[in-house]
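This one's a predicted model, so the numbers in the text were calculated from it and none came from an experiment.
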Amino acid sequence: MSIKEWFEDRRKITGLLKNSVERDSKDANETEKNKNLSIDYAKINRLWTQCDNCESLLYIRFLRENQSVCKECGYYLQMNSSDRIELPIDRDTWRPMDEDMYTLDVLQFHSENEPSHSDHLDSEDESYKDHITFYQIETGLTDAIQTGIGQLNGIPIALGVMDFKFMGGSMGSVVGEKITRLIERATAESLPVIMVCASGGARMQEGSFSLMQMAKIASALYIHQKDKKLLYISILTSPTTGGVTASFGMLGDIIIAEPKAYIAFAGKRVIEQTLGQKVIEDFQVTEHLFGHGLFDLIVSRNLLKGVLSELFRLYGLPRK
């Protein structure tokens, strides 16, 4: 091999090595770039949501400004209890009650069928207490309702708002106790009571303890409405079912429902299986039930505060 041929071979080898290094470096840069561009779904879920009806993608900040009503189709999405409190209550007048009240697992309820919410627990090891802890972290609430005293256009009121995101808004001992205390305080201070219902009914994990809340709340309302002649308004949102519908949900002096809300005692499937008959479409939707006299008013969210204010004026309630 001549010296010229040797230099040619060395040049080729050096070129191949250089190309290989550049290619490896490019691949590494592409991998790092793709890693940085990986989709953060948790962050997206905090910024965007999807309409349950038309499946349009909705920016959460704009959705909240529109009171959780889809701009595309007008569908009413679920609202959490904090957002609902802001609808009727005047700014800086809300005073919460019983925020530190939490549930005890008196029955030592243990579920083997419900899915686990935590990675370190198997579904067979998840207790009722674990479920409560998970939803407390998820929602920032101690249980499925917020209660307190506030003002609506200057009129003092007692308000309770259920939160469906906390175990489906189910009514357990704490929910029942907080509602009862709210009504008793409203009775003592001669305040009108407004209850915003959003619930799947009584909480099965507390058995008969949850069922007893129906009678306890109804007894407090009897004193408030019949003995003291004070106003109670019930607002039914989607969904309101089970023991809540069968008790304080339908005991209002005035019963208001949101448009297109699902309101029932038993679900469609249970009715069909029990009666052996097909249930018509929209049988348990607000507009159909209103036609049969179940409610007094159907009120949209943007008009709710004004309507409540007019009702209070009609009842002669004084401003503070």
Side-chain angles (χ1 to χ4, degrees), residues 80-82 84-85 95-109 111 127-129 131-133 135-136 139-150 157-189 191-228 230-237 239-253 255 263-266:
N80 61 45
S81 54
S82 297
R84 282 199 180 277
I85 289 170
R95 291 171 295 163
M97 292 174 53
D98 303 311
E99 286 185 293
D100 57 348
M101 191 181 297
Y102 60 91
T103 299
L104 296 177
D105 189 6
V106 179
L107 299 181
Q108 299 295 306
F109 188 91
S111 173
S127 64
Y128 174 44
K129 188 176 180 181
H131 281 281
I132 290 292
T133 302
Y135 285 108
Q136 286 174 340
T139 63
L141 305 175
T142 55
D143 217 295
I145 192 169
Q146 291 194 66
T147 57
I149 306 298
I157 64 167
L159 176 67
V161 181
M162 306 188 78
D163 199 315
F164 192 78
K165 293 182 179 179
F166 194 107
M167 292 191 73
S170 53
M171 179 175 61
S173 300
V174 168
V175 173
E177 182 64 21
K178 290 182 74 169
I179 294 174
T180 303
R181 291 188 184 190
L182 178 73
I183 296 168
E184 289 175 344
R185 179 171 174 180
T187 304
E189 298 181 12
L191 301 177
V193 175
I194 299 176
M195 276 299 308
V196 182
C197 306
S199 175
R203 189 172 296 173
M204 69 171 189
Q205 290 90 342
E206 296 189 25
S208 59
F209 286 100
S210 62
L211 295 176
M212 286 190 290
Q213 308 310 311
M214 299 167 62
K216 181 169 72 174
I217 296 170
S219 298
L221 281 174
Y222 183 87
I223 297 172
H224 182 82
Q225 294 171 279
K226 301 296 182 183
D227 293 353
K228 300 296 182 179
L230 297 172
L231 180 64
Y232 167 52
I233 296 177
S234 174
I235 301 175
L236 309 181
T237 70
T240 299
T241 62
V244 172
T245 306
S247 56
F248 62 90
M250 292 296 177
L251 290 177
D253 296 303
I255 302 175
I263 300 164
F265 175 67

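To the nearest 0.5 angstrom, L221 atom CG is 9.0 Å from M195 atom CE. The structure places OG1 of T147 at 8.5 Å from CD1 of I85, a figure rounded to the nearest 0.5 Å.
The minimum heavy-atom distance between G249 and L236, with the atom names listed, is O-CD2, 3.4 Å. Annotation for D253 and Q225: closest pair OD1-NE2, 3.2 Å, computed over non-hydrogen atoms. Heavy atoms only, all atoms of each residue included: Y232 and F248 are closest at OH-O, 2.7 Å. The heavy-atom pair separating I157 from I194 by the smallest distance is CD1-CD1, 3.8 Å. Scanning all heavy atoms of the two residues, the minimum distance from C197 to T237 falls at O-OG1, 2.6 Å. The two residues S199 and G169 make their nearest non-hydrogen contact at OG-O, 2.7 Å.
Residues forming a side-chain contact (heavy atoms from CB on, under 4.5 Å) with A215 (at least two apart in sequence, or on another chain): none. Considering only residues two or more places apart in sequence or on other chains, S219 meets the side-chain contact (heavy atoms from CB on, under 4.5 Å) condition with none of them. Legend: residues meeting ring-ring contact (aromatic ring centres under 6.0 Å, His included) with F166, ordered by chain and number and at least two apart, are Y135. For S173, the side-chain hydrogen bond (donor to acceptor under 3.5 Å, both in side chains) test picks out E206, with sequence neighbours left out. For the salt bridge (charged side-chain N to carboxylate O under 4.0 Å, His left out) test, residues two or more places apart in sequence or in another chain that qualify with D98 are R181. Partners of A158 according to the side-chain contact (heavy atoms from CB on, under 4.5 Å) rule, which considers only residues two or more places apart in sequence or in another chain, are I149, L182, A186, V193. For D100, the side-chain contact (heavy atoms from CB on, under 4.5 Å) criterion is met by no residue, not counting sequence neighbours. For D143, the side-chain hydrogen bond (donor to acceptor under 3.5 Å, both in side chains) partners two or more places apart in sequence, or in a different chain, are T103, R203. By the side-chain hydrogen bond (donor to acceptor under 3.5 Å, both in side chains) test, T245 is found to be paired with no residue, residues two or more places apart in sequence or in another chain being considered. Partners of E189 by side-chain hydrogen bond (donor to acceptor under 3.5 Å, both in side chains), not counting sequence neighbours, listed by chain and number: R185.
Under the salt bridge (charged side-chain N to carboxylate O under 4.0 Å, His left out) criterion, the residue pairs touching residues 207-218 are E177-K216, with sequence neighbours excluded.
A heavy-atom distance below 4.5 Å is not found between the side chains of I235 and R84.
In summary, the side chains of Q146 and D163 do not present any donor paired with an acceptor at a separation below 3.5 Å, with no hydrogens or angles considered.
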